[in-house]
Amino acid sequence: MEQTIRICHMYPDLLNLYGDRGNILALAYRAGLRGIKARVTALSIGEVFEPEQYDIVFFGGGQDAEQNIIRADLVQIKGDAVKTAVNNGNVFLCICGGYQMMGEYYEEFDGTRIDCLHAINIYTIAQKKRLIGNTVYESDLLRAGAAHNCVEPRKLFGFENHSGRTFLGEGVRPLAKVLCGAGNNGEDGTEGAVYRNVYCTYSHGSFLPKNPAMADHLLEKALKQRIGEDFCLEPAECEVENIARTSASTCKRG
Amino acid sequence: MRSFGTAAAMAAAGAIRFALRFLGKGATTLPGKVAIRIAPDFLNEMSRGKNIIMVTGTNGKTTTTHMISEILKKAGYSVGTNVSGANLASGLATVFAEHAPAERAAGRKGIPTAYVLETDEAAFAVTAGRINPKVCVVTNLFRDQLDRFGELLYTRSCIEKGLDATDSKVLLNADDSMIAALRNGRENRVAFFGADEAHMMSNNVTKAAEPATLPSSSDAEYCLKCKVKFEYSARSFGHFGMYRCPSCGDHRQTPDFSAYTEGSTFETGAPLILTGEGARASSSLSIPGAHNVYNAAAAIGACVLFGKEAGDETLTLPFCAEVLSLVRPAFGRMEKIMVGEKSFCILLVKNPVGLDRALTHISEATDVGGVYLLLNSNIADGTDVSWIWDVDFESRKFPDQTYVSGERYAEMLLRLVYSKAVPDTVKSAEMKRSEALFEEALAACPDGKCLYVLPNYTAMLSLRKYLVGRFRLKNYWK
Ligand SMILES: [Zn+2]
């Protein structure tokens, strides 16, 4: 029987910056290598989020103006369902603005606090200087596993571009430690966050394409959630991904 | 005692003499940099009372500037203009320094001089007020180098700041909601250009995406004031079209200057109809692509507005239309170079919409004998290459002869492979082998066909250097 992975793309018309759709394409591509079909559903303003309809929920980053457009909708219309989904163990991938919005609050330059979703225990404080550049992180959550022959599978390669500094509260683990770049806040050497099956990062765009072990990790978690803990993702090669990983490994900061 | 203004002018003249010593092959910014250092008021002094048009916006600046320059040359002006890329204050100052002798010589013969200046959006914020041109053209606002600019609204605020420092006539893109909004508070000096409504592509908003593929990311889908999605009754491409906010009613303005093609926008020489000022004129699309229809509308609008400001009766719509059909592309903008029985053609792709237009073009063109993509990530390109994931590769057609190079060739290769739109025969090479790969691609291109080369900015510069030597194209491209 053909399997399907059901992906919910949150606000693709607004949170679509810096190539974040590449992450959806990567999930679909890596699933496809195992004969698993991806079904992507776009949800935007005014649409109801039904957690049981999806295996993976994706939140990308947006510009401030666009994040302001969605904030009310997210908190008032989808907020409770998102929190339910988090507690039920749905897999989430949240990037940059999406990451920040899952937290407690976002404090602007002038000290104004913007209330966020309270889905995970993190908070963000904006600073004037943006943190921009190529990044390399290392995550002990990852192993080659199904990402067959992945070069240095624990390493995560990315590009960050954010003015918010995020700090993790109790119960939330970092996704990785910083080898090159700023990460969560440029201070504590952490990058991203993990809470239950919620994965957050400041890495944009080609995050999952360049990190197939991470993509496979999310796919496997999501399918275990639906099919059962015994489910294992079939191994698949990482040939092209490895070329990109090898050439990114020097981490030149512009 | 000399007045301050004269002293500044003397300093500017000295700066020119000094700058001219630095002028030479390829010196597109250094003379200007030197001139500004000697005379901080250099741009103010050099531009006072002159015929100047400035062109800014994220895409189409070079082509629009080039079209305007060609029209003004035909109308009898001695034209000073900047070469692509040198569009910061130093590049603009270099144009004035470089063209000063020609301007004096023209003046002795009674020939008027005009300056057409392509200006970077951030540089526009500071230079527009110093130059105070007769006409400012704002082409569009697409995501471009967000690692440098941060956000689109920031880019727009730069343009806004520049406009407010001038009392120029302003020509805005009617079909770009973010640019058209710049009319607010400047109504008495604004005119619009745009596509002809009846000839836009039909409303494609409702077209369903294929399962597991995604529509490409679009900018400006929402009314920023009301936080409500625009309704479109027709679209051109990207976020250009007949938008309307269902909440506040903000809607696309009727353009004062518009253009459309009869036939395919992918064909060189397709009939181009231009309208404006109650007149209508036929021309032809000398540089193919739907985006060049916009550039054409912007160029004729700018020239007609300029003509009115300068009291020049030559610059009528029919005159501009006629010249436009003769304009040849600027470097990296579609010009086909013949090599024996085959040709190659370079399309600069520096941001998502540019790449999207280029991919549309090669998917529709009937003479594709190969596609060669080059991706760099130097400061001038933007160091973040993740924008390539914003572009729809999935629904395009690529030929068997597809090639990839550039410093970030691995990322581009990954993008192509993930799209599943390219054949397994795709070949790639790192930057230092990019010239050899070009030769291989050209050799594999069948006779009668064209190799389409799609580099981003610095990749184009290094390729140009190679091609100029390889095909002896010295001074061919400016
Ligand atoms: Zn509105």
Side-chain angles (χ1 to χ4, degrees), chain A residues 4 7 9 12-14 16-26 28-32 37-40 42 44-46 60 62-66 68-70 72-73 130 132-134 158-161 163 203-207 209-210 239-248 252-254, chain B residues 143 146-148 150-154 156 178 209-230 239 352 377-379 381-394 404 407-420 426 428 430:
Chain A
T4 303
I7 301 169
H9 191 176
D13 49 349
L14 289 161
N16 60 9
L17 214 53
Y18 312 113
D20 283 341
R21 68 198 277 286
N23 296 305
I24 306 255
L25 294 168
Y29 181 84
R30 297 291 302 174
K37 237 182 119 124
R39 196 194 69 199
V40 184
S44 195
I45 303 279
Q63 312 188 55
D64 288 346
E66 290 164 345
N68 287 335
I69 292 176
I70 71 160
D73 181 82
R130 285 186 89 85
I132 304 177
N134 293 303
F159 192 95
E160 64 183 341
N161 184 350
S163 55
S203 296
H204 277 289
S206 47
F207 177 60
K210 271 199 291 198
E239 220 177 323
V240 209
E241 291 92 337
N242 281 342
I243 301 174
R245 289 174 73 73
T246 313
S247 74
K252 275 178 260 166
R253 290 286 281 198
Chain B
R143 57 184 70 193
L146 290 171
D147 56 322
R148 181 175 154 225
E151 309 220 332
L152 277 179
L153 282 183
Y154 171 74
R156 189 176 72 173
M178 277 195 283
E210 293 290 315
T213 68
L214 298 169
S216 50
S217 297
S218 178
D219 303 305
E221 291 294 309
Y222 281 71
C223 172
L224 290 174
K225 198 165 64 190
C226 312
K227 305 180 176 25
V228 168
K229 205 164 189 164
F230 285 127
H239 60 276
S377 63
N378 296 307
I379 303 285
D381 303 307
T383 51
D384 181 8
V385 295
S386 56
W387 60 270
I388 61 175
W389 294 90
D390 278 329
V391 177
D392 176 20
F393 282 71
E394 281 68 22
V404 184
E407 287 147 14
R408 304 299 290 267
Y409 80 98
E411 306 245 354
M412 187 55 100
L413 182 67
L414 193 59
R415 179 73 193 91
L416 286 167
V417 170
Y418 270 41
S419 77
K420 296 191 214 156
V426 56
S428 63
E430 46 193 336

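Given the structure is predicted, the values throughout are model-derived calculations rather than measurements. Chain letters run A, B, ... following the sequence lines, proteins first and then strands; every chain starts at 1.
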Please give me the minimum heavy-atom distance between [X] and [Y], naming the atom from each residue.
X	Y	answer
Asp13(A)	Lys229(B)	OD2-NZ, 2.6 Å
Tyr409(B)	Ile243(A)	OH-CG2, 3.8 Å
Arg415(B)	Leu25(A)	NH2-CD1, 3.6 Å
Leu414(B)	Pro209(A)	CD2-O, 3.6 Å

Rounded to the nearest 0.5 Å, what separation is found between the [atom1] atom of [X] and the [atom2] atom of [Y]?
X	Y	atom1	atom2	result
Asp390(B)	His204(A)	CG	NE2	10.5 Å
Ile132(A)	Asp384(B)	CD1	CG	9.0 Å
Glu407(B)	Ser247(A)	CD	OG	11.0 Å

Using the test ring pair (Phe, Tyr, Trp, His ring centres under 6.0 Å), find all partners of Tyr222(B) that sit at least two apart in sequence or belong to another chain.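 Partners of Tyr222(B) by the ring pair (Phe, Tyr, Trp, His ring centres under 6.0 Å) criterion come out as none, since no residue qualifies.
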Name all residues meeting the ring pair (Phe, Tyr, Trp, His ring centres under 6.0 Å) criterion together with Tyr418(B); count only those two or more places apart in sequence or in a different chain, and write none if there are none.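 Tyr418(B): ring pair (Phe, Tyr, Trp, His ring centres under 6.0 Å) contacts with Tyr29(A), Trp389(B).
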Between [X] and chain B, which part of the residue has a heavy atom less than 4.5 Å away: side chain, backbone, both or neither?
X	result
Asn23(A)	neither
Ser44(A)	side chain
Ala31(A)	neither

Do you know which of Ile388(B), Val417(B), Leu413(B), Leu153(B) has the most heavy-atom pairs with chain A at a distance under 4.5 angstrom?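 Option with the greatest count: Val417(B).
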Looking at Gly19(A), is its backbone amide N or carbonyl O close enough to the side chain of Ser386(B) to form a donor-acceptor pair, meaning the two atoms are under 3.5 Å apart?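 It does not hold such a pair.
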Should Phe159(A) and Val385(B) count as side-chain neighbours, where that means a heavy-atom distance under 4.5 Å?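 Not in contact.
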